[in-house]
Protein chains: 2
Amino acid sequence: MPAAERRELILGHASEVFGRRGYPGTTTEQIAQAAGISQPYVVRMFGTKEKLFVEVMERALGKLIVAFREVIRLRDSGEIPAGELGARLGQAYVDLIEDRGILMSLMQGFIQGHDDVIGRRARAGFLEIYRLLRDEAGIPADDVRSFLADGMLINTLLAIGMPDNFEGDEAATELMNLSFGAKLDAVLCVASEQSSRQA
Amino acid sequence: MPAAERRELILGHASEVFGRRGYPGTTTEQIAQAAGISQPYVVRMFGTKEKLFVEVMERALGKLIVAFREVIRLRDSGEIPAGELGARLGQAYVDLIEDRGILMSLMQGFIQGHDDVIGRRARAGFLEIYRLLRDEAGIPADDVRSFLADGMLINTLLAIGMPDNFEGDEAATELMNLSFGAKLDAVLCVASEQSSRQA
DNA sequence: GACATTAGTAATCAATCAATTACTCGAGCG
DNA sequence: CGCTCGAGTAATTGATTGATTACTAATGTC
């Protein structure tokens with residue numbers, strides 16, 4: 001397999017494992033197994049575990065930005081009404097759950113703020129999103145804050161494993177309905193897929 | 001020093017270190033150093049690192065619940081107007097930042113959802129807060145969701161280290177002003193204290 | 001004044017993990 | 001063929017880490 005392809009394959013699996021277990025909680029061996037290759041090859045391809053994680057974060061941030069920019073483009077070209085911008089951005093965010101590694105590995109980077117390298121990149125990334133929504137999308141600052149807050153709640157619910165473990169709990173069901181809206185079915189579908197893949 | 005007192009002292013320091021570095025990223029040695037005792041004693045007092053972390057989470061959750069219940073009591077006894085309940089609860093939450101370990105160790109537990117023991121406890125704790133606000137405080141479900149979202153954004157901003165590294169960044173300053181409100185000064189004060197303590 | 005009991009520590013161990021080294025295998029190619 | 005180069009692994013290593021063991025020093029107390 002050509003190196004570029006293998007690289008992207010590793011990044012995809014690393015994204016998932018890092019997203020689930022966090023940066024310090026993930027071993028390069030776990031990533032190697034997920035990608036179906038040997039541990040030394042993971043290290044060799046990215047230099048260090050830290051560099052791999054930073055690349056995973058950058059890839060996730062990139063996909064998030066692309067998704068948001070596409071919605072903004074649709075608004076600018078008049079394909080969607082300006083009043084719907086917020087709802088469409090929210091929809092774009094929730095859609096990203098389908099590749100859960102994207103949102104989760106980003107979140108895992110966010111809570112690694114104490115780390116010099118990862119923390120710096122995480123803060124820059126977070127502010128990049130903030131500016132994108134405020135300046136490029138033209139959303140009022142406090143609405144951006146509120147939008148980001150909703151996103152962080154979604155991230156937290158995913159990270160805490162709520163979709164995989166809410167079995168019949170009335171409060172959990174209600175909270176998830178309110179947080180994920182119409183996308184809830186898709187979220188649960190992904191959850192059951194991932195549970196079975198893990199087993 | 002009597003064991004009970006030492007225990008609480010260790011829990012306090014463990015809360016801070018776990019909150020900053022996360023569960024897998026923290027060593028029992030780091031906690032021992034912070035508490036000024038030997039590493040084996042930390043392990044002996046709590047059995048395992050995992051049990052210590054669960055106790056840290058439980059302690060943090062307990063303090064959060066006490067703070068919220070106090071606000072609800074003030075509303076019930078008429079000492080604060082019912083219309084101010086949400087604002088007062090928000091204030092109570094932001095006040096907790098002064099012991100940053102409380103919010104951060106809880107957050108570190110939330111993103112450990114994949115772990116059987118910690119994840120189960122984290123989910124139960126999160127739902128406990130949800131029910132407290134909805135049932136005991138009587139807040140409409142979607143307002144509770146929104147309140148929790150704001151809390152998760154605050155947690156994320158703290159975890160990402162924004163208060164310690166926003167130096168002159170216009171976007172970061174604006175976002176923090178919007179998120180922490182009047183409490184921003186106190187947040188930054190704690191931040192500088194912790195930075196100097198770390199050095 | 002022996003004797004527990006409590007509050008700790010020093011030394012060490014087994015396991016884990018990221019990283020390095022030294023290889024192997026196969027495809028292209030002159 | 002002989003030879004290199006890209007893709008990959010097996011074996012190993014040095015450092016870290018949670019946990020265990022075996023101790024010691026102080027504090028009552030009968």
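Labels below follow one simple rule: chain letters A, B, ... track the order of the sequence lines, proteins then strands, and each chain is numbered from 1. As the structure is a computational prediction, the values presented were derived from the model and not from experiment.
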**OP:** Write out all pairs satisfying side chain to side chain donor-acceptor pair (under 3.5 Å) with one or both partners inside residues 40-50 of chain B, taking only residues at least two apart or from two chains.
**Re:**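 Sorted result for residues 40-50 of chain B: empty, none.
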**OP:** Can you establish whether the number of heavy atoms outside Glu170(A) located under 6.0 Å from its atom CD is more than 12?
**Re:**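 Yes - once you tally the heavy atoms of other residues, nucleotides and ligands closer than 6.0 Å, there are more than 12.
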Subject >> Rounded interatomic separation in angstrom, taking CD1 from Ile37(A) and C1' from dA10(D) >> reply: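 Value for this atom pair: 15 Å.
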Original post:
Listed by chain and number, what are the ring pair (Phe, Tyr, Trp, His ring centres under 6.0 Å) partners of Phe147(B), not counting sequence neighbours?
Top reply: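 By the ring pair (Phe, Tyr, Trp, His ring centres under 6.0 Å) rule, Phe147(B) matches Phe68(B).
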Original post:
According to the ring-ring contact (aromatic ring centres under 6.0 Å, His included) rule, which pairs have a member within residues 71-90 of chain A, sequence neighbours left out?
Top reply: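 For residues 71-90 of chain A: none.
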Original post:
Pairs in or reaching into residues 150-169 of chain B: which pass ring-ring contact (aromatic ring centres under 6.0 Å, His included), with residues at least two apart or in two chains?
Top reply: none
**OP:** Supply the members, apart from Val66(B), of the Ile/Leu/Val/Met/Phe/Trp/Tyr cluster built from side-chain contacts under 4.5 Å; use none for a lone residue.
**Re:**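 Answer for Val66(B): none, a lone residue.
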Original post:
Just by protein heavy atoms under 4.0 Å, how would nucleotides 11-20 of chain D read 5' to 3' in B, S and -?
Top reply: B-----SBBB
**OP:** Give the first and the last nucleotide of DNA chain C, reading 5' to 3', that has any atom under 4.0 Å from a heavy atom of chain B.
**Re:**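 Range of nucleotides within reach of chain B: dA7(C) to dA11(C).
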Subject >> Gln91(B): side-chain hydrogen bond (donor to acceptor under 3.5 Å, both in side chains) partners, not counting sequence neighbours >> reply: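 Checked Gln91(B) against side-chain hydrogen bond (donor to acceptor under 3.5 Å, both in side chains); matches are Asp95(B).
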Which atom pairs, one a donor and one an acceptor, fall under 3.5 Å between side chains of residues 101-111 of chain B and the rest of the protein, sequence neighbours left out?
unit_1, atom_1, unit_2, atom_2, d
Ser105(B), OG, Gly101(B), O, 2.6
Ser105(B), OG, Ile102(B), O, 3.4
Gln108(B), NE2, Gly19(B), O, 3.2

